[in-house]
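Just so you know, these numbers use all the heavy atoms, side chains as well, and skip hydrogens, waters and symmetry mates. We number each residue from 1, following the sequence as shown.
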Amino acid sequence: MKKRFLMLSVVWIAVAAMQAMGVYNVRDYGAKGDGRTLDHGAINKAIDACHADGGGRVLLTAGTYLCGSIHLKSNVDLHLMEGATILAAPGSMKAYDESEVFGAPEYQDGGHTYFHNSLIWAEEQRNISITGRGVIDGEGLTRHDTEKAGNVQGGSIGTGDKAIALKLCRNVMIRDITIFRGGHFAIIVTGCEIGTIDNVLIDTNRDGIDIDCCKYFTVSNTKVNTPNDDAIVLKSSYALKRPVLCEHILITNCMVTGYKLGTFLDGTYVPEKVNWVCGRIKLGTESNGGYRNITISNCSCMWSSGLAFEEVDQGRMENIVVTNISLSHVHHYPIYITTGCRNRGPKERTDVSSARDIYINNVIADDCDSLAGIIVTGMEGHPIKNVSLTDIRIQYRGGGKKVEGSYREQGTNYPEPRWAGPTPAYGLYARHVDGLYLRNVKFELLRDDERPEMLFEDVINKKIE
């Protein structure tokens, strides 16, 4: 009895010490972690208590926590210990918050418009984090963009749409967690300032990480497997009801893949038979404000689409630096830089999409699709300015046929090379460009190709070394 009392005393001393450090164990607030009981109510109680006390860590110990919407609040670190899993509840349990009222014309998909019907969400909060070696499993989330455009009544559909959705937050940290089946977006941050996403592993069925209308963000040391959509993508939508630049963003030391869902996590690495897009690091397509001061470095992409930089919604794309990139088994194209006039925004805007000062250096790619080479295309009368491509090696599968007629302008279309058809050059095609510098750019063919290596149309101030 004395020994048992001593052991209990030690436990209570440990609990008291944790509480003194600002640690709030969700089991103390009623969470079961049995995978059957809805636990988000208890987790939200722990978050509320932690927030009310000035902040600290909300702790999920080993177990499976079946959840609907979790509300992250200022000065709270939601920490998933190794062995802890937050499991998204099925829509039939009606466990998710109603999506909020937007109350204005929607110039972006519902996934970019509504946030509250997510598994974990926060709005206008500060100093928030999601950390730990645990797992977020979005089994019950939808992978479809199910919100209705123009719905000002909210539009709850009973299902969760995203794994993590943060809007208008400041000082954000997401570190060390694993996300499996993240729904429409595994992580979306919109209108947030100062944030880090580091050492995160994502294996998901739609987008991996979307950074929209944000500034001062870093994505580092992160692995994203997205066989059906974009992996790491910057956007500049109209979700904040005005054009907002996405700027001062660093993406570094990351890996992007397009393996079959789940096979990155289980280590079997099965290449997926893709549709029109998989993997890739991308700017766009939502681009009402545009992109400025973006750096992408030391990244590896495998069984994915290439790098895409798309400004088509009357914003500006400038000061983009890309360096030290390896691409292997590339779907559709290795590098795609374009402007267009889709103009998905208020009709009274008179801005014209623009792009300038884009520097891409030290890129190597193998087994690239024969559909398209490197593409740099502006618009007639509005050329892309100052593009530098240096120290680049691209291996193409070849086998392409000579292209008859003019290459189609993207214009108001969704910007994707697939819709325009094969490029008239297998290696590099440029049109409507003012200032194109090529140095040490080399192409290799695995089979003969009927198209020329490079073709330039309406390109001025060109220099090749």
Exercise for the section: Find the distance between CD1 (I251) and CD1 (I294) and round it off to the nearest 0.5 Å. Expected result: 7.5 Å

Exercise for the section: Considering non-hydrogen atoms only, spot the tightest contact between V189 and C214 and give its length. Expected result: O-SG, 3.3 Å

Problem - Between N293 and N319: side-chain donor-acceptor atoms closer than 3.5 Å - result: yes

Handout entry: Y96 (side chain) donor-acceptor with A89 (main chain) under 3.5 angstrom
Key = yes

Problem - Worked check of side-chain hydrogen bond (donor to acceptor under 3.5 Å, both in side chains) between N298 and N324 - result: CA-CA 5 Å; N298 305 328; N324 299 344; 3.0 Å; yes

Practice task
Answer yes or no: is there a donor N or O on one side and an acceptor on the other, between the side chain of K73 and the main chain of I47, under 3.5 Å?
Solution key: no

Problem - side chain to side chain contact (heavy atoms under 4.5 Å, CB included) evaluation trace for R344 with E286 - result: CA-CA 8 Å; R344 193 180 184 190; E286 288 81 359; 3.7 Å; yes

Completion exercise
In this structure, CZ of R292 is separated from CD of E318 (nearest 0.5 Å) by 6.0 Å

Handout entry: Under 3.5 Å side-chain donor-acceptor pair for D77 and S129
Key = yes

Handout entry: I179 vs T204 side-chain heavy atoms within contact, under 4.5 Å
Key = no

Problem - Flag for E123-H116: side-chain donor and acceptor within less than 3.5 Å - result: yes

Exercise for the section: Give a yes or no answer on whether the side chain of S69 reaches the backbone of L119 with a donor-acceptor pair at less than 3.5 Å. Expected result: no

Practice task
Quick one: sort the F102 and Y114 rings into parallel, tilted or perpendicular, breaks at 30° and 60°.
Solution key: perpendicular

Handout entry: Short N-O contact, D109 and K235, less than 4.0 angstrom
Key = no

Practice task
Assess the side chains of N225 and T257: does a donor N or O sit below 3.5 Å from an acceptor N or O?
Solution key: yes

Exercise for the section: Please confirm whether the backbone N or O of R126 pairs with a side-chain atom of S74, one donor and one acceptor, at under 3.5 Å? Expected result: yes

Handout entry: Any donor-acceptor N or O pair under 3.5 Å, side chains S326, S300
Key = yes

Problem - Backbone of D367 reached by a side-chain donor or acceptor of R397 within 3.5 Å - result: yes

Problem - Short side-chain to backbone donor-acceptor contact, T64 and G35, under 3.5 Å - result: no

Exercise for the section: Using a 4.5 Å cut-off on heavy atoms from C-beta on, say whether the side chain of P334 contacts that of I374. Expected result: yes

Practice task
Run the ring-centre check on F264 versus Y269 and record whether the distance is less than 6.0 Å.
Solution key: yes

Handout entry: Minimal non-hydrogen separation, C50 against G56, with atom names
Key = SG-N, 3.1 Å

Exercise for the section: Compute the ring centroids of H112 and Y238, then answer whether they are less than 6.0 Å apart. Expected result: no

Practice task
Answer yes when K32 and D39 have at least one side-chain N-carboxylate O distance shorter than 4.0 Å, and no when they do not.
Solution key: no

Practice task
Ignoring hydrogens and angles, tell me if any N or O in the side chain of E272 forms a donor-acceptor pair with the backbone of K260 under 3.5 Å.
Solution key: no

Practice task
Indicate whether the side chain of T390 and that of N361 have a donor and an acceptor atom separated by less than 3.5 Å.
Solution key: yes

Exercise for the section: For N440 and R393, test the side chains for any donor-to-acceptor distance below 3.5 angstrom and give the result as yes or no. Expected result: yes

Completion exercise
When every non-hydrogen atom of A239 is compared with those of T190, the smallest separation belongs to CB-CG2, 4.3 Å

Practice task
Begin with the C-alpha distance, continue with both residues' side-chain angles, and end with the deciding distance and a verdict on side-chain hydrogen bond (donor to acceptor under 3.5 Å, both in side chains) for D366 and S328.
Solution key: CA-CA 5 Å; D366 67 37; S328 186; 2.8 Å; yes

Practice task
Drop me the distance from C368's SG to H332's NE2, to the nearest 0.5 angstrom.
Solution key: 12.5 Å

Practice task
Establish, from distance only, whether the side-chain atoms of T252 and S297 form a donor-acceptor pair under 3.5 Å.
Solution key: yes

In residues 163-172, what donor-acceptor pairs under 3.5 Å come from side-chain atoms, sequence neighbours left out?
from: R170; atom 1: NH1; to: E193; atom 2: OE1; distance (Å): 2.8
from: N171; atom 1: ND2; to: N127; atom 2: OD1; distance (Å): 2.8

Problem - Test item: T423 side-chain N/O and G373 main-chain N/O as donor-acceptor pair under 3.5 Å - result: yes

Exercise for the section: Indicate whether the side chain of D313 and that of N288 have a donor and an acceptor atom separated by less than 3.5 Å. Expected result: no

Problem - Trace of the side chain to side chain contact (heavy atoms under 4.5 Å, CB included) decision for H71 with D97 - result: CA-CA 10 Å; H71 313 144; D97 294 341; 2.6 Å; yes

Handout entry: Of L38, I120, V26, the residue whose pairing with I43 passes side chain to side chain contact (heavy atoms under 4.5 Å, CB included)
Key = V26

Exercise for the section: State, yes or no, whether a side-chain contact exists between Y29 and V58 at a heavy-atom distance under 4.5 Å. Expected result: no

Exercise for the section: For residues F217 and C246, determine if any side-chain heavy atom of one lies less than 4.5 Å from a side-chain heavy atom of the other. Expected result: no

Exercise for the section: Measure the shortest side-chain to side-chain distance between C278 and W303 over non-hydrogen atoms and say whether it is less than 4.5 angstrom. Expected result: no

Practice task
State, with a plain yes or no, whether a side-chain heavy atom of R181 is found less than 4.5 Å away from one of D137.
Solution key: yes

Handout entry: Short side-chain to backbone donor-acceptor contact, D369 and Y333, under 3.5 Å
Key = no

Handout entry: Set of side chain to side chain donor-acceptor pair (under 3.5 Å) partners for T178, sequence neighbours left out
Key = none

Practice task
Provide the closest heavy-atom pair for G68 versus H40 in the form atom of the first, atom of the second, distance.
Solution key: N-ND1, 2.9 Å

Exercise for the section: Give the minimum heavy-atom separation between S236 and G289, together with the two atoms involved. Expected result: OG-N, 2.9 Å

Exercise for the section: Measure the shortest side-chain to side-chain distance between M93 and L66 over non-hydrogen atoms and say whether it is less than 4.5 angstrom. Expected result: yes

Problem - side chain to side chain donor-acceptor pair (under 3.5 Å) against Y414, all qualifying residues, sequence neighbours excluded - result: K282

Practice task
Would you sort out whether T218 and T196 count as a side-chain hydrogen bond (donor to acceptor under 3.5 Å, both in side chains), showing the intermediate values?
Solution key: CA-CA 5 Å; T218 299; T196 298; 4.9 Å; no

Exercise for the section: Determine whether the side chains of T131 and H79 contain a donor N or O and an acceptor N or O closer than 3.5 Å. Expected result: yes

Practice task
Using distance alone, with no hydrogens and no angle criterion, decide if T285 and E310 have a side-chain donor and acceptor under 3.5 Å apart.
Solution key: no

Completion exercise
Taking every heavy atom of V219 against every heavy atom of I209, the minimum-distance pair comes out as CG1-CD1, 4.1 Å

Practice task
Look at the aromatic rings of H248 and Y216 and report parallel, tilted or perpendicular, splitting at 30° and 60°.
Solution key: parallel

Problem - Side chain proximity check, L78 to L60, heavy atoms < 4.5 angstrom - result: yes

Practice task
Look only at the side chain of T113 and the backbone of G111, and say whether a donor-acceptor pair between them is shorter than 3.5 Å.
Solution key: no

Exercise for the section: Working to the nearest 0.5 Å, report the span between CG of L234 and CD1 of I211. Expected result: 5.5 Å

Handout entry: D53 and Y24: side chain donor to acceptor below 3.5 Å
Key = yes

